[in-house]
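What follows is a short report on a single structure.
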Amino acid sequence: MENIFEKSVTGRHGVDAGTPDEKSVNKIPANLRRVKDSPLPELSELDVVRHYTRLSKLNFSVDSEFYPLGSCTMKYNPKANEAAAVIPGFTGLHPYMAMIDDTAAQGALEVIYNISSLLCEITGMKKFTTQPYAGAHGELTGILLTAAYHRKKGNKKKYIVVPESAHGTNPASAAVAGYSVITVPVDAEGGMDVDIFREKMNDEVAGVMMTMPSTLGVFEKKIKQIVEIARKHDAVMYYDGANLNAILGKVRPGDMGFDIVHINLHKTFSTPHGGGGPGSGMVGVSERIAQFLPQPYVDKNTSGKFFISPDNKDSIGKVASFFGNFGVLLKAYTYIIMLGKEGLIDVSEMAVLNANYIMVKLKPFYDLPYDRICMHECVFTAKKQIKNGVHALDIAKALIDRGYHPPTIYFPLVVEEAIMIEPTETESKQELDMFIEAMKEIAMTAQSDPEKIKNSPSTTRISRPDETKAARELKLTCF
Amino acid sequence: MARFTPHTAAEVKEMLAVAGVSSIDGLFGDIPADLKPRSFNIPAGMTEYGALSALNSMAAKNNTSATLFMGGGYYDHFIPAAVDAISSRAEFYTAYTPYQPEASQGTLQAIFEYQTMIAKLTGLEVSNASLYDGGTALYEAIAMAIRTNNRSKVIIDKGVNPIYRQIVKTYVANQEIEIIEIDLNDIYTDREKIMSMFDESISAIVMQTPNYFGIADDFSDIFKAAQEKGITKIAVFYPMSLGILKTPGEMDADIAVADGQSMGLPLSFGGPYLGVMAASKGYVRKMPGRIVGETVDRNGNKCYVLTLQAREQHIRREKATSNICSNQALCALRAVVYLALLGKEGFRKASLVNFENAEYLKTKLKGIVEIKEGATFNEFTVNLKSDAVLFAKKMLAKGFAAGIPASLYYPGKNNYLMIAVTEKRTVKEMDDFAAAFKSAL
């Protein structure tokens with residue numbers, strides 16, 4: 001498809017931006033003025049609307065396709081969430097308003113206070129900050145909090161421990177915050193190898209980052225032992241909440257002994273992924289970490305008025321301009337109050353049920369490295385298909401031809417040729433059955449006609465892109 | 001109460017049987033019994049209309065009726081209806097990061113066009129797919145500079161948005177990076193002081209125009225001196241000003257960062273906003289975040305993919321250029337649609353109307369209050385000769401969000417107020433503002 005610049009017609013007008021007096025530009029000193037006009041395109045409103053509407057149709061999305069992308073929790077995003085986020089009383093509110101006069105932003109502060117309180121109860125933590133913009137940003141915030149905790153105690157710490165099944169962001173976040181990373185392998189059951197963990201732990205370890213259920217889709221049964229070992233070395237326990245969708249009302253990070261938790265509102269709490277953002281990675285902390293939370297922090301006084309806490313010298317500072325992605329908080333808050341206690345528990349129960357149903361049904365056709373009851377997602381491999389030269393990538397592309405967004409592939413890294421399926425709770429049995437049939441048929445075709453699978457997709461506007469060319473002959477702008 | 005799970009009781013029973021367990025509890029057997037939640041006191045659910053009614057009541061407690069003369073880096077700009085129409089297409093907002101290019105060409109091409117517009121606007125060669133917000137983008141720019149020249153000191157002018165500076169300081173607290181902030185002369189950059197500090201130990205210099213007090217500046221001289229010492233030049237800019245003001249590229253900046261809120265994003269109490277980052281070509285392999293590149297498919301058709309992924313955390317883990325694994329894709333989409341709708345001439349005009357309106361308000365306030373000297377874009381500073389926080393409260397009671405008191409972030413500058421005027425302010429609103437201003441003083 002042509003790009004937007006190729007559609008430009010010299011002299012065409014778009015949206016009316018007002019009619020300034022052209023001479024007024026002369027009031028700006030010449031050395032401050034733009035020398036060369038910006039080469040933005042020239043289009044009518046319809047040109048623009050049609051262009052981007054057509055582009056939208058080239059996307060797969062939750063509203064149009066089943067999207068079982070493991071670890072990403074691509075559940076349905078209820079429309080009420082969207083309605084809440086565009087209420088003019090929220091969208092028109094300037095963030096500085098709360099700093100001039102907090103009575104002018106009571107409603108917004110109330111949302112922030114309420115969602116924080118709800119998440120405290122859901123996770124068993126003491127306090128939350130809404131600032132982090134994304135999961136990885138929440139991780140970084142958590143590591144900065146960890147560093148502040150140790151600094152205050154005078155601890156000299158250098159390392160963060162992560163299991164090898166962790167998301168790549170875990171070690172990357174630790175490194176950004178100035179730590180070196182110690183990696184611990186997983187055991188035969190898919191949990192962290194506790195013996196090796198014990199050996200590797202020492203007094204220079206600042207924190208331990210765990211994802212629960214793990215990225216292999218299994219619950220860490222030895223968590224109590226792990227927490228106990230970490231505590232001995234005064235290491236902070238960090239809970240990566242990427243997979244919280246599996247355990248709502250079943251177990252809470254706070255009760256397990258975690259000190260810091262990040263939650264992806266765009267996963268568990270149904271805010272849309274937006275094609276890669278905006279999300280929200282709210283961070284919750286235990287009592288001993290609470291004093292280090294970022295500012296501004298919203299609180300409520302005894303008469304029910306919401307206010308911004310006065311500056312606190314122990315705070316790590318700011319990881320976001322104001323209160324994080326407030327619009328995203330509105331969506332998640334709407335979702336939580338609609339579902340309530342029973343609804344949240346139902347989410348996890350149906351998510352886990354759906355994953356186990358798919359796992360059992362596909363087991364005869366695909367290699368299953370960890371054959372046990374799974375949580376919200378199951379991890380297969382393409383081992384059986386590789387014999388015919390068909391890899392996880394090929395299976396993923398074949399699914400596109402059959403109208404499904406592919407599962408996550410090649411992750412977790414500890415599983416070779418991984419195919420990670422997370423159906424989420426919002427998919428019906430009928431939808432799952434059709435997906436299972438498609439997966440079976442792909443497995444059969446991989447045997448009978450592997451070339452066909454390797455040449456997919458063939459129904460999309462483009463076939464497989466040349467990624468090597470993209471990286472070698474960088475072309476990052478239209479012209 | 002609302003429910004989004006489609007399962008009937010009969011289906012649950014059938015599926016449990018397939019899964020090989022007799023009850024739902026059988027699925028959660030791995031969770032130790034003594035780890036059951038100590039409490040889970042969440043209120044019962046609500047209907048959709050009940051929830052939205054609660055949200056509407058909360059929204060009504062916010063003051064969004066005051067006429068906004070408040071900026072500080074976040075402005076009340078006009079958003080064409082078509083921006084909302086496009087960004088509320090579920091094909092865009094319910095999609096994931098475009099890892100599967102065959103199923104994501106829409107998002108990929110839109111971001112590619114966004115990258116192009118940002119590069120052209122800033123006068124630099126490349127842009128990434130966007131970052132979280134202006135402040136985090138500034139940190140990432142500094143980290144890029146440090147990765148490039150392996151020096152550890154960074155000079156930041158105090159005219160740079162204090163919120164950005166706080167974010168940077170928070171990020172580096174546990175790293176061996178020294179941040180040196182240079183005091184302003186009143187509200188103006190102390191160029192001599194800054195340039196006297198340049199030497200081969202400095203990694204980067206960060207300057208902002210218009211600065212936090214609204215002063216528009218040309219940093220060509222400072223950047224030239226920095227270049228001679230191999231210092232990376234980082235410019236913080238205000239996207240809307242680039243319709244008429246000199247670009248970071250024209251000042252010879254290496255990296256330009258901004259908050260993209262002004263390009264089609266509502267104020268929304270602080271987010272979601274957009275971290276904008278552009279750079280000269282030499283920095284591209286050190287850039288954080290997603291980058292979309294053009295390539296061809298097996299049949300030679302032009303198409304788009306996420307590229308240079310070898311920089312990123314899912315491959316490089318702790319050796320990645322940053323930990324960021326997303327962008328603000330939907331916000332970047334809004335920005336590209338916004339810029340396309342205004343187009344070349346419209347964007348310049350919008351920029352000029354902002355400038356004109358601010359100049360008009362200055363003429364109305366002249367004689368009422370001391371207006372600080374210096375060229376500005378759409379925001380300027382006045383010296384009230386009395387406490388600006390109290391004054392702002394008084395004005396709010398009169399229906400005007402009059403501006404930002406400098407003392408919120410600059411202790412001692414108690415009497416300074418920054419007033420912002422966008423294209424949305426009418427002559428009547430500005431006249432009324434001036435009248436209210438006079439009576440509140």
Side-chain angles (χ1 to χ4, degrees), chain A residues 14-15 17-18 20 40 48 52 55-56 58-63 80 84 87 89 91-93 95 104 106-108 133 136 147 168 171-173 175 178 181 219 272 274-278 317-318 322 325-327 338 340-341 343 350 352 356-357 428-429 460 462-463 465 469-470 475 477-478, chain B residues 2 5-6 15 19 30 42 44-45 48 51 55 58-59 61-64 80 86 89-91 93-95 97 102-103 105-107 116 132 166 170 174-175 266 268-272 293-295 297-298 303 307 313-314 317-318 320 323 326 328-330 340-341 343-344 346 349-350 352-353:
Chain A
V15 166
L40 289 175
V48 176
Y52 290 105
L55 281 187
S56 77
L58 304 179
N59 273 359
F60 274 40
S61 67
V62 172
D63 275 12
I87 297 173
T91 55
L93 188 61
Q106 281 295 298
Y133 290 122
S173 299
V181 175
F219 189 82
K318 276 186 199 303
F322 298 98
N325 281 337
F326 180 73
M338 278 196 298
K341 179 179 178 170
M350 294 304 111
V352 173
N356 278 282
Y357 181 75
S428 66
K429 179 176 172 298
T460 42
I462 61 157
S463 57
K469 179 184 162 75
K475 185 163 191 290
T477 53
C478 298
Chain B
T5 46
M15 291 169 79
D30 279 349
I42 306 295
E48 175 175 332
L55 267 294
M58 289 181 200
K61 294 180 205 160
N62 297 325
N63 181 347
T64 47
I86 295 297
R89 289 192 67 88
E91 295 91 335
Y93 81 78
T94 73
T97 301
E102 299 91 335
Q105 283 299 298
T107 295
T116 308
Y132 304 133
Q166 282 194 5
T170 303
N174 208 43
Q175 300 182 56
S268 198
F269 205 50
E294 187 185 300
T295 185
D297 71 358
R298 286 179 173 180
C303 62
T307 193
Q313 40 67 39
H314 60 286
R317 297 176 80 82
E318 64 266 31
N323 71 328
S326 60
Q328 297 274 94
L330 199 69
L341 285 166
K344 182 179 177 172
K349 281 185 175 170
L352 197 51
V353 175

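Chain naming here is simple, since letters A, B, ... match the order of the sequence lines and numbering starts at 1 in each. All heavy atoms count here, side chains included; hydrogens, waters and symmetry mates do not.
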Between the side chain of [X] and the main-chain N/O of [Y], is any donor-acceptor distance below 3.5 Å?
{"X": "B:Thr94", "Y": "A:Asp63", "answer": "yes"}
{"X": "B:Asn323", "Y": "A:Ala172", "answer": "no"}
{"X": "A:Ser463", "Y": "B:Arg298", "answer": "yes"}
{"X": "A:Thr91", "Y": "B:Pro266", "answer": "no"}
{"X": "B:Asn62", "Y": "A:Ala108", "answer": "yes"}

Nearest atoms (heavy-atom pairs only) where [X] meets [Y]:
{"X": "B:Ile42", "Y": "A:Lys341", "answer": "O-CB, 3.2 Å"}
{"X": "B:Lys349", "Y": "A:Gly18", "answer": "CD-O, 3.6 Å"}
{"X": "A:Met338", "Y": "B:Glu48", "answer": "SD-CA, 3.8 Å"}
{"X": "B:Pro272", "Y": "A:Asn325", "answer": "CA-OD1, 3.0 Å"}
{"X": "A:Phe219", "Y": "B:Asp30", "answer": "CD2-O, 3.6 Å"}
{"X": "B:Glu318", "Y": "A:Ala175", "answer": "O-CB, 3.3 Å"}

Aromatic plane relationship, A:Tyr133 with B:Tyr132 - under 30° parallel, 30 to 60° tilted, over 60° perpendicular: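 Rings of B:Tyr132 and A:Tyr133: tilted, as their planes differ by 30° to 60°.
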Min side-chain heavy-atom separation B:Leu330-A:Pro278 under 4.5 Å: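 Yes, their side chains come closer than 4.5 Å.
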When [options] are compared by non-hydrogen pairs under 4.5 Å with chain A, the top option:
{"options": "B:Glu91, B:Gln166, B:Lys61", "answer": "B:Glu91"}
{"options": "B:Thr116, B:Val353, B:Asn63", "answer": "B:Thr116"}
{"options": "B:Ala95, B:Gly343, B:Pro80", "answer": "B:Ala95"}
{"options": "B:Ala103, B:Ala2, B:Gly45", "answer": "B:Ala103"}
{"options": "B:Gln328, B:Met58, B:Glu102", "answer": "B:Glu102"}
{"options": "B:Arg89, B:Gln175, B:Met15, B:Gln105", "answer": "B:Met15"}

A:Lys475 side, atom NZ; B:Glu294 side, atom CD - distance, nearest 0.5 Å: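 With rounding to 0.5 Å, NZ (A:Lys475) is 4.0 Å from CD (B:Glu294).
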At a heavy-atom distance under 4.5 Å, which candidate from [options] has the highest pair count against chain B?
{"options": "A:Gly89, A:Gly340, A:Gly277, A:Gly276", "value": "A:Gly276"}
{"options": "A:Asn59, A:Thr477, A:Val15", "value": "A:Asn59"}
{"options": "A:Ala147, A:Cys478, A:Gly275", "value": "A:Gly275"}
{"options": "A:Asn356, A:Thr460, A:Leu93, A:Val352", "value": "A:Leu93"}

Which portion of A:Ser61 sits near chain B, non-hydrogen atoms under 4.5 angstrom: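 Its backbone and side chain both get close to chain B.
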Contacting moiety of A:Ile87, where chain B heavy atoms sit under 4.5 Å: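 Contact with chain B: side chain only.
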Proximal component of B:Leu341, with respect to chain A [non-hydrogen, under 4.5 Å]: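 Contact with chain A involves both backbone and side-chain atoms of B:Leu341.
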Contact class of B:Ala44 relative to chain A, heavy atoms under 4.5 angstrom: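 When you check distances to chain A, only backbone atoms of B:Ala44 fall under 4.5 Å.
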